[in-house]
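First the structure, in the form of C-alpha cells, and then the observations on it.
This chain uses plain numbering: 1 for the first residue, then up along the sequence. Predicted, not measured: the structure shown is a model, and the values here were computed from it.
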Amino acid sequence: MKNIFKGIQSGYGTNVLPLWAVFNLYVIFICTSIPGLAISPIMGKITEIFPGTSPLASQMLEIGPNLAAIPFVFLGGWIGTRFNNNKLTAWTCLFFSLCSVCFFLIPSGNSHGMLFLIILSFLIGIAAGVLSPLSTAFIADMFGGKKRTAQYGYTSATLNLVLMGCTIATGYLAKIDWHLPFLIYLLPIIPLFFAKKFKKYITDPTQIRKTDAAANNGQKVHYKFSQQVNIGMLVRYCIFYFVITFVIAAISLYLPFRYTDSSTAGDLTSILFFGIMLSGYLLNYVLRILKKGVAIWCMIAIAGGFFLMSITSEVVLVGVGILIATFFYGIAQPYYYDRLSMASSRIALTLTLAWFASMDSIGNVVAAPVIDVIAKIFHRSTTTDPNLAFWLCTALSIVGLVIVIIRKIIVGVKDHEEVEKTKATLMDVTKPALNPAGHAAAASEAVSSTTPATTAQASTTASKQ
C-alpha cells in the first residue's frame with residue numbers, strides 16, 4: 001500500500017509515475033465516453049421539457065455524440081501525428097468544458113431549446129472523438145510491457161465502473177432538475193489543471209520530427225503511414241473489433257424491448273458494464289490462461305453468451321449469457337489496443353489507434369439499422385420479436401468464430417513452412433558441428449524475432465533513410 005502512494009510502476013525500468021499523472025490519464029480516458037451519458041435519464045420526459053419534439057429530433061439527440069465522434073476520431077488521430085499532443089488535449093478539454101457549461105443555459109420549454117441541445121451534444125461528441133486516440137496513445141507513452149497491458153485493462157474497467165456509477169447518479173439528479181445530469185460533462189476541466197505538468201510524461205510527435213530532421217542534415221523527414229504501422233494487423237484487428245462491438249451493442253439496444261419492465265432491463269444492462277469492468281481488472285491473469293488463443297476464445301465466449309441469451313427468457317440465464325459475452329469482450333478490447341501500440345511507431349500511433357477506436361463508434365451507430373434490415377430480408381421484425389436480434393448476433397458471432405479459426409489454421413501452416421525453410425537454410429550455412437537441437441533453437445529464434453513490433457521498427461528505420 002505504501003508503494004502505491006509513492007507512485008505507479010511504469011514498466012520502463014524502475015521509473016515510477018506519480019498518482020496525479022495516472023489520475024489525469026484516467027480522467028482523459030473517461031472523457032472520451034461520457035457524451036450521451038447525461039441525455040439517457042431525461043429521454044423519457046424530453047417531450048415534457050421541450051413540447052413538440054419530433055421522434056427524429058429525439059433520435060438525433062441520442063446518437064448525435066457518436067455520429068459526431070466518428071470523423072473527428074480520425075481527424076484527432078491525424079492531427080496528433082503532427083501537433084503537440086499535450087496542447088491538443090488541453091485545447092480540446094477547454095472546448096469540451098465551455099460547451100458543457102452551455103448546457104446549463106438552455107431554458108425549458110423554449111422552441112429552440114431542443115436544437116441547442118442537439119448542437120451541443122454534437123460538439124461534445126467532436127471533443128470526445130479528438131481525445132479518443134490521444135488518451136490511448138498516452139497509455140502507451142506512460143507504461144511499458146506487462147504494465148502497459150494491465151493499464152489498458154484497468155482504464156477500460158475503471159471507465160465502466162465510472163459509467164455505472166454515473167448512470168445511477170444522473171438518474172437521481174434528473175429527478176431534481178433536468179439540467180443537473182450535465183454536471184458529468186464538466187469532467188474535462190480537471191485535465192486543464194494538470195496540463196502544464198502532464199507534458200513531461202507523454203511523447204511529443206513534433207519533437208520526434210525535429211530530432212529526425214536534425215539527424216537528416218536538417219531536411220524534413222516525410223513519414224508514410226503504411227511504413228509506420230503493420231497495416232495487415234491493423235485491418236484484421238479493426239474488423240474483429242467492429243464485429244464484437246456490433247453484437248455487444250445489440251444487448252443494450254434490444255433488451256428494453258424484450259423486457260418491458262424497466263427495472264429488469266436496467267438490471268440486465270448493468271451486467272453488461274459489470275462484465276467489461278471485471279475483465280479489465282483481471283486482464284493479465286486471463287491472458288496468461290488464454291495465451292495466443294485470445295481471438296478464438298473470445299469469439300467462442302461471445303457466441304456462447306448470445307446463444308444462451310437467445311434460447312431462454314429466464315432472467316438469470318440471460319444475465320449469465322450477458323456476463324460471459326461482455327467479460328470476453330472486455331478482454332479483447334484492451335488486449336488489441338495494447339497489440340496495436342506495439343505494431344506502430346509513435347509518429348503514427350494516434351492515427352493507428354484512431355482507426356481502431358472508430359470501430360467502437362461505428363459499431364454502436366450501425367448495429368440497430370443493420371440488424372433491422374437483416375430481419376426484414378427474412379420477412380421478420382425485431383419490433384414484434386426483439387429476441388430475433390439476439391439470434392442474429394449469435395449467428396454473426398459463429399461466422400466470426402469460423403473465420404478466426406480458419407485464419408489461425410492458415411497462419412499455423414505458413415509458420416510451420418517458414419520454420420522448415422529457416423531450418424533448411426541454417427543447415428546449409430552453418431558449420432557441421434552445430435547439432436540438430438541447435439538448428440531448431442536458431443530456427444525458432446529467427447521466426448519468433450519477426451514480430452509486429454520489429455516490423456514497425458524496421459519500417460520506421462526505412463522511412464528515415
With Phe74 via ring-ring contact (aromatic ring centres under 6.0 Å, His included) - residues at least two apart
Trp355

Which residues share a ring-ring contact (aromatic ring centres under 6.0 Å, His included) with Trp20, sequence neighbours left out
Phe194, Tyr201

Indicate the ring-plane relationship of Tyr254 and Phe257, choosing parallel, tilted or perpendicular according to the 30° and 60° boundaries.
tilted

Main chain of Tyr152, side chain of Ser156: is a donor-acceptor contact present, judged purely on distance under 3.5 Å?
no

Sequence-distant partners of Tyr336, ring-ring contact (aromatic ring centres under 6.0 Å, His included), two or more places apart
Tyr237, Phe240

Hey, is the main chain of Gly129 close enough, under 3.5 Å, to the side chain of Ser132 for a donor-acceptor pair?
no

Check: Val229 main-chain N/O paired with Ser344 side-chain donor or acceptor under 3.5 Å
no

According to salt bridge (Lys or Arg N to Asp or Glu O under 4.0 Å), who are the partners of Asp372, at least two apart in sequence or on a separate chain?
none

By salt bridge (Lys or Arg N to Asp or Glu O under 4.0 Å), Arg258 pairs with (sequence neighbours left out) none

Taking only residues two or more places apart in sequence or in another chain, which ones pass salt bridge (Lys or Arg N to Asp or Glu O under 4.0 Å) with Asp360?
none

Hits for side-chain contact (heavy atoms from CB on, under 4.5 Å) against Ile202, two or more places apart or cross-chain, chain-then-number order -> Asn86, Phe138, Asp141, Met142, Phe198

Can you give the donor-acceptor pairs under 3.5 Å from side chains of residues 313-328 to other protein atoms, not counting sequence neighbours?
{"unit_1": "Thr326", "atom_1": "OG1", "unit_2": "Ile322", "atom_2": "O", "d": "2.7"}
{"unit_1": "Thr326", "atom_1": "OG1", "unit_2": "Leu323", "atom_2": "O", "d": "3.4"}

Tell me which donor-acceptor pairs under 3.5 Å the side chains of residues 280-292 have, and how far apart each pair is, sequence neighbours excluded?
{"unit_1": "Tyr281", "atom_1": "OH", "unit_2": "Thr158", "atom_2": "OG1", "d": "3.1"}
{"unit_1": "Asn284", "atom_1": "ND2", "unit_2": "Lys146", "atom_2": "O", "d": "3.2"}

Who are the ring-ring contact (aromatic ring centres under 6.0 Å, His included) partners of Phe356, not counting sequence neighbours?
Tyr241, Tyr337

With sequence neighbours left out, the residues meeting side chain to side chain donor-acceptor pair (under 3.5 Å) with Tyr154 are none

Residues two or more places apart in sequence or in another chain: which of them pass salt bridge (Lys or Arg N to Asp or Glu O under 4.0 Å) with Arg380?
Asp385

